[in-house]
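A, B, ... follow the sequence lines: proteins, then strands. Residue 1 opens every chain.
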Amino acid sequence: MSSENQDSTARELTKPFEAAMNKRKERWTAQEEQKLAEALAVHGAQKWTSIASKAGINRSCKSCRLRWMNFLSPKIKRGNISDQEEDLIIRLHKHLGNRWSLIAGRLPGRTDMEIKNYRNTHLSKKIDKQSSNGSSSTRQISIVD
DNA sequence: AATGTCAGCAACCGCAGTTTT
DNA sequence: AAAAACTGCGGTTGCTGACAT
């Protein structure tokens with residue numbers, strides 16, 4: 001039992017090293033998220049370069065910012081994309097192109113990454129189908145600022 | 001039950017723009 | 001004005017779970 005625990009502990013300890021060596025993607029743990037949230041509560045969501053060290057986690061400033069912006073921020077709205085939102089994404093993408101952050105700005109609670117992923121996975125299929133059926137049926141769209 | 005394949009999500013990287021020194 | 005540091009964005013890719021064989 002104890003040897004098994006030691007083994008698992010050793011594996012945990014070597015994970016960052018392995019990640020660095022193999023460029024593996026390390027998922028965020030609840031502990032890391034909590035430490036980051038605490039550091040941000042104290043120091044604010046600024047100066048990302050120093051947040052990681054202040055939080056005491058082995059992550060880059062970019063990684064911390066990304067995690068906060070896309071998952072931990074209270075502004076984030078998790079859940080399925082509604083039909084309305086989907087329609088808006090399609091229209092905005094036609095209008096703006098791959099300006100995901102701009103599109104996200106029009107969708108409260110949604111992030112650029114979420115929209116980018118959604119477009120690249122769900123909508124690309126739909127659009128492929130539509131284009132293969134003949135794109136002449138596409139609606140005329142007017143974007144109102 | 002085991003293995004292979006695929007789709008979706010999440011993380012990282014490189015670059016460009018902005019701000020600070 | 002120039003260099004350095006920081007921030008934000010978009011593209012790419014690895015990981016995981018679900019489904020098929």
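- Between A:Trp100 and C:dG8, a side-chain N or O to OP1/OP2 separation shorter than 4.0 Å is absent.
- The CG-C1' distance, from A:Asn98 to C:dT12, rounds to 13 Å in whole Å.
- Between A:Asn120 and B:dG8 there is no side-chain polar atom (N or O) within less than 4.0 angstrom of OP1 or OP2.
- Following rounding to the nearest Å, A:Trp68 (CH2) and B:dA10 (P) show an atom-to-atom distance of 17 Å.
- Taking the side chain of A:Lys62 as heavy atoms from C-beta on, and the options C:dT13, C:dT7, B:dC12, the nearest nucleotide is C:dT7.
- For the pair A:Ile81 CD1 and B:dC9 C1', the computed distance is 13 Å after rounding to whole Å.
- Taking every side-chain heavy atom of A:Arg59 into account, B:dC12 is the closest of B:dC12, C:dG10, B:dA10.
- For the residue pair A:Asn98/A:His93, the side-chain donor-acceptor check at 3.5 Å is satisfied.
- Using a 4.0 Å heavy-atom criterion, one finds that A:Asn117 contacts the bases of the nucleic acid, with or without backbone contacts as well.
- The residue among A:Leu66 and A:Arg27 whose nearest nucleotide of DNA chain C lies closer to the 5′ end is A:Leu66.
- If A:Lys116 and A:Cys61 are placed on DNA chain C by their nearest nucleotide, the residue sitting closer to the 5' end is A:Cys61.
- Separation of atoms CH2 (A:Trp28) and SG (A:Cys64) is listed at 4.0 Å; rounding is to 0.5 Å.
- What separates CH2 of A:Trp48 from P of B:dT20 is a distance of 17 Å, to the nearest Å.
- Distance A:Arg119 CZ to B:dA7 C1': 16 Å, rounded to the nearest Å.
- The nearest whole Å value for the distance from the CG atom in A:Leu36 to the C1' atom in B:dA11 is 14 Å.
- Residues A:Glu33 and A:Leu72 form a side-chain contact, since some pair of their non-hydrogen atoms from C-beta on lies under 4.5 Å apart.
- The shortest side-chain heavy-atom distance between A:Glu32 and A:Leu36 does not fall under the 4.5 Å cut-off.
- Per the geometry, NE2 belonging to A:His122 stands 14 Å off C1' belonging to B:dC6, to the nearest Å.
- Within the 4.0 Å cut-off from OP1 or OP2 of C:dC6, at least one side-chain nitrogen or oxygen of A:Thr49 is found.
- B:dA10 atom C1' lies 18 Å from atom OH of A:Tyr118, rounded to whole Å.
- In summary, the side chains of A:Glu85 and A:Tyr118 do not present any donor paired with an acceptor at a separation below 3.5 Å, with no hydrogens or angles considered.
- In this structure, A:Ser101 does not reach the C:dG8 phosphate: none of its side-chain N or O atoms is under 4.0 Å from OP1 or OP2.
- Looking at heavy-atom distances under 4.0 Å, A:Ser60 makes no contact with the nucleic acid at all.
- Contact annotation: A:Arg65 does not reach the phosphate of C:dC6 (side-chain N/O to OP1 or OP2, under 4.0 Å).
- Pair assignment for C:dT7: B:dA16, on the basis of Watson-Crick or G-U wobble contacts that are both within less than 3.5 Å.
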